[in-house]
Each structure stands twice: as structure tokens, then as C-alpha cells.
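See below for the structure under consideration.
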Amino acid sequence: VFAVLGFVFIGVALFISSNMSKKAMVPISQAFTRQQEFTADASHELRTPLSVLLSSIDAMEMTIEPQREAFLDRILANMRQEVKRMNHLVSDLLTLARSDSNAIELRAEQFDFRPLADKAIESVGALAASKQIILTLNAPETLKSIGDPHRLSQLLYILLDNAIKYTPNGGKVHLRLEKDGQGMRMNVEDTGIGIKKEDIPYIFERFYRADKSRTRQIGGHGLGLSIAKWIVETHSGSIKVDSELGKGSRFIIQIPQDSSSINLEE
Ligand code: ADP
């Protein structure tokens with residue numbers, strides 16, 4: 001637990017310090033308020049799993065035989081889940097903090113996106129199967145792309161993971177990849193809970209969740225789409241969403257295939 005606390009502390013400290021060097025294109029006072037909000041949100045998000053861990057330790061200490069063994073199994077499973085959440089959150093925070101200070105080097109290379117898409121589908125397969133969600137892919141045999149393969153896979157993973165998370169049991173998630181002029185187009189479509197019209201403009205903002213209590217249950221902390229947006233923007237692409245509440249959502253990403261347009265910053 002102390003190792004976890006130490007990790008979180010280092011994560012937050014790194015995040016705050018690198019966020020300080022953020023190149024702000026907005027007035028300084030506004031940037032400062034945003035930074036304060038971001039730090040407050042990050043601390044709040046980290047506090048919730050930490051409280052769960054601390055109360056789990058208290059409960060473990062207080063439990064006596066004969067219930068102890070059965071109880072420990074349950075409580076350890078719960079603790080593992082919270083540590084996983086926190087790990088995910090800290091790694092997303094670090095990605096965003098490093099993207100703010102341009103500390104992430106993107107590689108622009110030519111590669112075939114199809115095997116990466118197959119891998120992404122495979123890695124979310126178990127999650128889809130656990131909810132009896134039908135996951136389908138429609139893509140050409142080869143899809144030559146130019147960009148950073150690791151980041152474009154991460155983008156796909158974020159969108160597929162969301163589509164599955166926000167689709168009730170028995171629904172459908174479909175990924176379509178196609179050439180688009182000189183570029184590539186990704187479509188991630190689901191038959192999930194959908195997004196309210198008034199929430200759509202905000203879902204790419206850091207820590208924004210359309211339905212906080214529900215998404216906390218589902219496991220989201222509101223950073224995935226901000227990372228997705230950063231990846232798309234560094235590739236000079238676009239991301240759009242069409243959604244209908246209760247019916248489903250479709251995320252449409254366009255990535256230009258001209259390597260010279262990749263926005264690689266020093
Ligand atoms: P989270 O970790 O909460 O999923 P994201 O930044 O990835 O964070 O998404 C922000 C919010 O957008 C989510 O909390 C959810 O309310 C909404 N959202 C994202 N993708 C979908 C989707 N496919 N269907 C419904 N709502 C979605």
C-alpha cells in the first residue's frame with residue numbers, strides 16, 4: 001500500500017510539475033484556473049480509490065476468525081480492482097501531462113494498420129464476451145497508414161473500450177476501417193446508452209463524464225477521450241461523434257495519410 005501511495009504521489013507531482021510548463025494558448029488567468037481545476041479533479045479521482053484501499057485495510061485488521069479467510073479473498077479482489085483503476089488513472093495523467101509539455105516523441109512511419117486493428121479487437125474481445133456483446137470488424141486486408149503505430153492503436157483501443165463499456169449486455173459494437181482519399185477513416189459504432197446532445201461538446205474535455213455516478217460504476221475517469229483527441233490532433237486528423245440517447249453512438253476519425261502533415265512537435 002505504501003508503494004502504491006508513493007507511486008501515486010510521484011505521479012501527481014510529475015503531472016503538476018510538467019503541467020506548469022504547459023504552453024498555454026489561452027490567457028494566463030484562464031490557463032491557471034484550468035490547471036487548478038485539473039489538479040483538483042485529479043486529486044479527487046485519486047482520493048476515491050485510496051479511501052477504498054484504506055477502509056479495506058481497516059476491515060481486514062478488524063476481521064477475526066473464522067470468517068477471516070472467506071472475507072480476505074473478497075476484500076483482496078476488491079483492492080486489486082481499485083489498484084488497477086488507480087494505475088490506469090495515473091498512467092493516463094502522465095500521458096496527458098507529458099503531452100502538455102511535448103515530452104512525448106511521436107514516430108511517423110509507414111505501416112499496415114490492419115494487424116494492429118486485429119490485435120485491438122482481440123484484446124477487447126474478452127471484455128465484449130463477458131457482456132455477450134457482438135464485436136465485428138470490417139476492414140481491407142491491408143491498410144497502409146502513416147503515423148505513430150503505438151498511438152493510433154491506443155486511440156482505437158480507447159474507442160473500442162468505451163464502446164463496450166457503454167453498451168449494455170447483448171449489444172453490438174462494430175469497427176469499420178477504410179481508406180479515405182489519401183488517408184484513413186475509422187468508425188466505431190455501438191448500440192449503447194448514447195450521449196445527450198448537451199454533453200457532446202464536452203466529452204473530449206479532461207475528467208468530463210456525462211453521467212458521473214454511472215460512469216464511476218462502469219469504471220471510467222473521464223480521460224480516455226482527451227487522450228484520443230490529442231492523438232488525433234497530433235496526426236492532424238479529426239474526430240466527430242454522432243449519438244442518440246438510448247440508441248448508440250458512432251465515433252468517426254479521419255487521419256490524413258500525408259506524413260508531412262503529422263504534427264510532430266519538438
Ligand atoms: P471514461 O473513462 O469516463 O470513459 P472518456 O474520456 O473516455 O472517459 O469519455 C468521457 C465520457 O464520454 C464518458 O464518461 C461517457 O459519459 C461518454 N462516452 C464516451 N464514449 C461513449 C460511448 N461509446 N457511449 C456512450 N457514452 C460515451
Side-chain angles (χ1 to χ4, degrees), residues 11 15 34 37-38 41-49 81-97 99-100 120-121 123-125 127-128 130-131 133-137 151-177 186-234 237-253:
F15 154 69
R34 268 196 209 165
E37 276 171 14
F38 191 28
D41 284 341
S43 312
H44 179 78
E45 287 296 321
L46 286 165
R47 211 170 50 186
T48 313
Q81 202 187 337
E82 290 301 322
V83 170
K84 271 193 184 166
R85 276 180 64 87
M86 205 155 54
N87 199 11
H88 192 176
L89 171 59
V90 170
S91 101
D92 281 356
L93 281 175
L94 287 177
T95 301
L96 284 168
S99 73
D100 283 341
I121 289 279
S123 69
V124 296
L127 179 62
S130 72
K131 298 178 71 181
I133 287 175
I134 299 169
L135 180 60
T136 47
L137 166 69
R151 294 296 166 187
L152 290 174
S153 295
Q154 186 182 12
L155 165 69
L156 191 51
Y157 183 82
I158 292 169
L159 297 172
L160 287 172
D161 187 56
N162 275 351
I164 296 168
K165 275 192 316 199
Y166 299 112
T167 295
N169 288 10
K172 289 182 190 156
V173 170
H174 181 62
L175 166 64
R176 196 171 74 235
L177 297 172
M186 294 181 199
N187 259 271
V188 180
E189 204 169 335
D190 65 58
T191 58
I193 59 175
I195 307 166
K196 280 195 213 126
K197 264 199 175 54
E198 56 266 37
D199 284 320
I200 288 181
Y202 303 106
I203 57 170
F204 296 97
E205 284 184 9
R206 296 172 183 192
F207 290 116
Y208 192 86
R209 290 175 299 192
D211 178 345
K212 291 220 179 223
S213 55
R214 195 167 182 181
T215 48
R216 160 84 192 157
Q217 258 176 350
I218 294 174
H221 46 244
L223 293 177
L225 287 182
S226 358
I227 296 177
K229 182 169 170 252
W230 164 71
I231 295 171
V232 168
E233 283 174 355
T234 50
S238 64
I239 182 163
K240 278 196 319 189
V241 55
D242 287 336
S243 188
E244 204 176 323
L245 202 61
K247 290 237 162 107
S249 309
R250 182 195 296 138
F251 285 78
I252 306 146
I253 293 100

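Counting starts at 1 for both ligands and their atoms, in listed order.
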Listed partners of Asp199 passing side chain to side chain donor-acceptor pair (under 3.5 Å), at least two apart: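 Result, side chain to side chain donor-acceptor pair (under 3.5 Å) vs Asp199: Tyr208.
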| request: Would you please name every residue forming a side chain to side chain donor-acceptor pair (under 3.5 Å) with Asn162, sequence neighbours left out? | output: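 Scan of Asn162 (side chain to side chain donor-acceptor pair (under 3.5 Å), adjacent residues dropped) gives Lys165.
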Give the atom numbers and elements of ligand 1 that come within less than 4.0 Å of a heavy atom of [X].
X: Leu223; answer: 6 (O), 8 (O)
X: Ala210; answer: 14 (O), 16 (O)
X: Gly194; answer: 25 (C)
X: Ile195; answer: 25 (C), 26 (N), 27 (C)
X: Ile203; answer: 10 (C), 12 (O)
X: Gly220; answer: 1 (P), 2 (O), 3 (O)
X: Tyr208; answer: 10 (C), 11 (C)

What one should report as the nearest heavy-atom pair of Val232 and Ile239 is CG1-N, 4.0 Å
Decide yes or no for [X] and [Y]: does some side-chain heavy atom of the first lie under 4.5 Å from some side-chain heavy atom of the second?
X: Arg151; Y: Thr95; answer: yes
X: Arg206; Y: Asp41; answer: no
X: Val241; Y: Leu225; answer: no
X: Lys131; Y: Ile164; answer: yes

Tell me which one of [options] gets a heavy atom nearest to [atom].
atom: atom 1 (P) of ligand 1; options: Ala163, Gly222, Gly224; result: Gly222
atom: atom 5 (P) of ligand 1; options: Leu159, Leu225, Val188; result: Leu225
atom: atom 14 (O) of ligand 1; options: Phe204, Tyr166, Phe207; result: Tyr166

May I ask you to decide if His174's main-chain N or O and Thr136's side chain share a donor-acceptor pair within less than 3.5 Å?
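No; judged by distance alone, with no hydrogens or angles, the pair does not exist.
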Practice prompt. Measure the acute angle between the ring planes of His88 and His221, then classify it against the limits of 30° and 60° as parallel, tilted or perpendicular.
Written response: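 Rings of His88 and His221: perpendicular, as their planes differ by over 60°.
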[X] heavy atom under 4.0 Å from ligand 1:
X: Gly192; answer: no
X: Lys165; answer: yes
X: Phe251; answer: yes

His221, any N or O under 3.5 Å of ligand 1 N or O | yes
